[in-house]
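Step one of this worksheet: look at the structure below.
Convention: sequence-line order gives letters A, B, ...; per-chain numbering from 1. Keep in mind it's a predicted model, so treat the numbers as computed, not measured.
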Amino acid sequence: MFYFQQHSLRTTTTAHLMQTMSLIPLTALELYQHVEAELAANPALELIAERRCPVCGRLLPEGGYCPVCTRPISADGSEPIVFVSQRTDFVGGIGKRGQEEGEDEDEERFFKQPENLAEYVLQQIAPELGVEDRALAAYWLSHLNEDGLVDVSIEEVAWYHHVPVERVRAVQRLIQRCEPLGVGSCTTKEALLVQLDVLKEGNWVAELAQRMIVDGWDLLGKRQYGELARLLDCSVANVEAAVSYIAQNLNPFPGRGHWGQESNSHRSGQAYYVPDMIFSTADLNGKTQIMVEIIQPLAGTLRVNPLYQKITREAQGEQREELRSDLERAVLLVKCLQQRNHTLQRMMRLLTVMQRDFILGDERSLKSLTRAELAQQLGLHESTISRSVANKVVQLPNGRMLPLASFFVRNLGVRSVLRELVAKETYPLSDTELMNGLAERGFVVARRTVAKYRALEGILPSALRRPTGKRAV
DNA sequence: CTATGGCACGGATT
DNA sequence: AATCCGTGCCATAG
């Protein structure tokens with residue numbers, strides 16, 4: 001029999017196979033590629049059009065989700081619904097998004113997988129372009145460097161293709177709005193502005209960031225915050241806040257895949273815009289029910305080909321051995337897939353309960369949590385959690401994509417108390433005073449650290465806090 | 001002189 | 001082993 005935990009297979013399997021064993025660390029995209037490759041290489045595996053719930057195995061209704069696994073667990077909606085879904089639309093390219101997911105036609109099981117960033121972007125915009133513009137777009141994208149920026153000028157391209165500059169610009173504009181936001185810009189500055197334009201939620205930080213990039217680009221590069229503040233006629237702390245907003249929400253190199261301060265070195269380029277899990281909400285007697293969809297990008301059910309199984313059983317001698325090894329691989333893959341689904345499901349359920357408010361959009365109610373804690377509660381090894389979290393991307397109900405790793409933060413306690421202290425202050429407290437205040441409440445940190453948190457929370461320095469009043473963020 | 005930000009190092013986390 | 005985070009020291013602004 002097989003074991004899927006930390007133990008290795010002691011059967012005839014090779015070392016290489018053991019590596020492929022755990023599918024848990026794989027992202028949706030990787031899983032898709034992995035399965036596709038396996039499917040092509042191993043005749044014992046088959047993907048049948050029949051849709052079954054990957055978790056409980058029940059037959060799915062037309063285009064729907066498993067009636068059992070997606071049933072509310074508790075009537076008040078406090079328990080999240082976590083289920084595995086088989087949608088492939090994200091992996092196959094955004095272009096398909098508008099259409100339906102129900103097609104089970106065999107030929108359509110797998111979309112063409114974009115080989116690189118350029119192709120991926122092209123797929124997104126192709127439907128909106130005429131033939132000529134498509135060529136233009138392709139040309140433009142062929143100049144993408146690994147940062148997702150283009151180093152030829154619009155004029156050059158226009159000249160080369162004998163079309164008006166405006167035309168090229170229009171195409172570029174279209175490209176820039178694709179995922180990853182800002183691709184195909186000529187400069188970092190341009191990329192940031194595009195992102196800002198799409199993302200800005202009308203909040204003051206974003207506005208300021210925009211002005212900052214437009215007017216104070218050079219100063220920004222030199223980190224001359226004081227100068228910037230003067231130029232933009234605002235406080236240094238505001239500048240700081242805007243800078244941190246940029247650092248956290250924008251990506252100067254659209255091709256290098258990730259947002260925020262999380263860094264995942266491999267998985268560069270294509271990646272973060274394919275969510276691995278999607279949160280959505282539904283109303284349930286006034287209570288908000290959270291649903292978590294774990295993407296398993298298979299349009300159908302993966303299983304061991306029964307015919308193959310039969311042949312193997314009947315085969316003799318050497319041939320039989322050959323067949324058996326394929327069969328084992330197939331069985332292994334299927335089981336690993338189940339294992340992955342099960343583990344991820346458990347993890348997401350717990351995670352969703354703990355970070356409920358955060359998921360619902362309240363940035364501030366992110367609770368501090370470490371991977372180790374979660375591992376303990378789930379009875380899993382912490383490295384398992386680490387790896388399942390690494391490189392994965394989730395989509396929140398509000399549409400925002402962020403790394404799953406952002407659910408794990410260490411010191412939220414201190415930071416929320418800090419906010420509270422500032423909110424209640426009668427006069428602008430200095431960092432040192434804040435430090436003491438925090439210490440009284442049990443958070444002993446250095447003065448320097450207080451300053452850092454302050455910046456992170458977008459709170460102004462004491463000297464400048466009074467005139468502007470308090471920040472509601 | 002006080003309050004803060006930058007830089008960089010060491011310990012903790014993953 | 002690679003990364004992240006808290007801190008100490010120093011420079012700078014007010």
Side-chain angles (χ1 to χ4, degrees), chain A residues 6 22 24-25 27 212 216 219-231 234-248 256-268 343 347 351 366-378 380-393 402-418 421-422 425 427-439 441-468 471:
Chain A
Q6 280 73 26
S22 176
I24 297 176
T27 65
M212 204 154 85
L219 292 176
L220 187 59
K222 284 183 270 177
R223 308 192 157 220
Q224 311 257 24
Y225 298 154
E227 284 292 314
L228 268 176
R230 198 168 317 144
L231 178 70
C234 68
S235 72
V236 174
N238 277 339
V239 171
E240 286 293 337
V243 168
S244 99
Y245 177 86
I246 292 175
Q248 299 206 4
R256 292 209 181 284
H258 62 266
W259 291 353
Q261 60 279 66
E262 321 297 334
S263 62
N264 18 27
S265 36
H266 58 291
R267 182 188 190 161
S268 62
T343 305
M347 186 180 88
L351 204 54
L366 181 62
K367 299 193 181 52
S368 96
L369 173 72
T370 75
R371 292 152 171 82
E373 275 175 60
L374 194 72
Q376 216 210 336
Q377 291 203 37
L378 287 171
L380 295 170
H381 190 52
E382 63 176 76
S383 76
T384 309
I385 300 290
S386 260
R387 283 192 272 153
S388 26
V389 166
N391 297 327
K392 296 230 168 62
V393 168
L402 74 178
L404 184 56
S406 13
F407 284 68
F408 302 86
V409 193
R410 281 175 272 209
N411 325 299
L412 259 259
V414 201
R415 286 165 62 168
S416 65
V417 173
L418 177 66
L421 281 179
V422 176
E425 76 189 359
Y427 67 100
L429 263 37
S430 75
D431 283 355
T432 315
E433 290 166 312
L434 285 171
M435 179 185 85
N436 293 330
L438 286 173
R441 295 169 195 232
F443 297 102
V444 195
V445 288
R447 183 233 100 218
R448 190 62 192 77
T449 310
V450 174
K452 288 248 156 133
Y453 286 154
R454 217 173 21 68
L456 278 176
E457 297 291 340
I459 299 170
L460 304 101
S462 65
L464 304 164
R465 221 177 296 143
R466 178 47 93 189
T468 337
R471 278 295 152 215

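Candidate nucleotides dT14(B), dT7(C), dT4(B) were compared by shortest atom distance to the side chain of Pro461(A), and dT4(B) ranks first. Side-chain proximity of Ser430(A) to the nucleotides dT4(B), dG6(C), dG8(C) is greatest for dT4(B). Proximity note for Arg447(A) (side chain, C-beta onward) versus dG6(B), dT4(B), dT14(B): the nearest is dT4(B). Among dT4(B), dC7(B), dT14(B), the nucleotide with an atom closest to any side-chain atom of Lys452(A) is dC7(B). Proximity note for Ala446(A) (side chain, C-beta onward) versus dT14(B), dT7(C), dG5(B): the nearest is dT7(C).
Distance, Ile459(A) CD1 to dA3(B) P: 18 Å, rounded to whole Å. Going from atom CE of Met435(A) over to atom P of dT4(B) covers 12 Å, rounded to whole Å. As rounded to whole Å, 14 Å separates atom C1' of dT4(B) from atom CD of Glu433(A). The CG-P distance, from Leu438(A) to dG6(C), rounds to 12 Å in whole Å. Atom C1' of nucleotide dT14(B) and atom CD of Glu373(A) are separated by 14 Å, given to the nearest angstrom. Atom CZ of Arg387(A) is separated from atom C1' of dA1(C) by 15 Å (rounded to the nearest Å). Remark: P of dT14(B) and CD of Gln376(A) are 13 Å apart, rounded to the nearest angstrom. In this structure, the CG atom of Leu456(A) is 15 Å from the C1' atom of dG6(B), given to the nearest Å.
Of the inter-residue distances, the one linking His381(A) atom NE2 with Ser386(A) atom OG reads 9.0 Å to the nearest 0.5 angstrom. To the nearest 0.5 Å, the span separating CG on Leu374(A) from CD1 on Ile385(A) amounts to 4.5 Å. Note that CZ of Phe407(A) is 9.5 Å distant from CE of Met347(A), once rounded to the nearest 0.5 Å.
In this structure, Arg448(A) does not reach the dA3(B) phosphate: none of its side-chain N or O atoms is under 4.0 Å from OP1 or OP2. Distances shown here put a side-chain N or O of Thr449(A) below 4.0 Å from the OP1 or OP2 atom of dT7(C). In terms of phosphate contacts, Tyr453(A) brings no side-chain nitrogen or oxygen within less than 4.0 Å of OP1 or OP2 of dC5(C).
Side-chain contact check for Leu438(A) versus Val450(A): some heavy-atom pair is nearer than 4.5 Å. Taking 4.5 Å as the limit, some side-chain heavy atom of Leu404(A) sits within range of a side-chain heavy atom of Leu351(A).
When heavy atoms are screened at a 4.0 angstrom cut-off, Val389(A) is found touching no nucleic acid atom at all.
Nearer to the 5' terminus of DNA chain B, by closest-nucleotide assignment, is the contact made by Asp431(A) (compared with the other of Asp431(A) and Ser386(A)).
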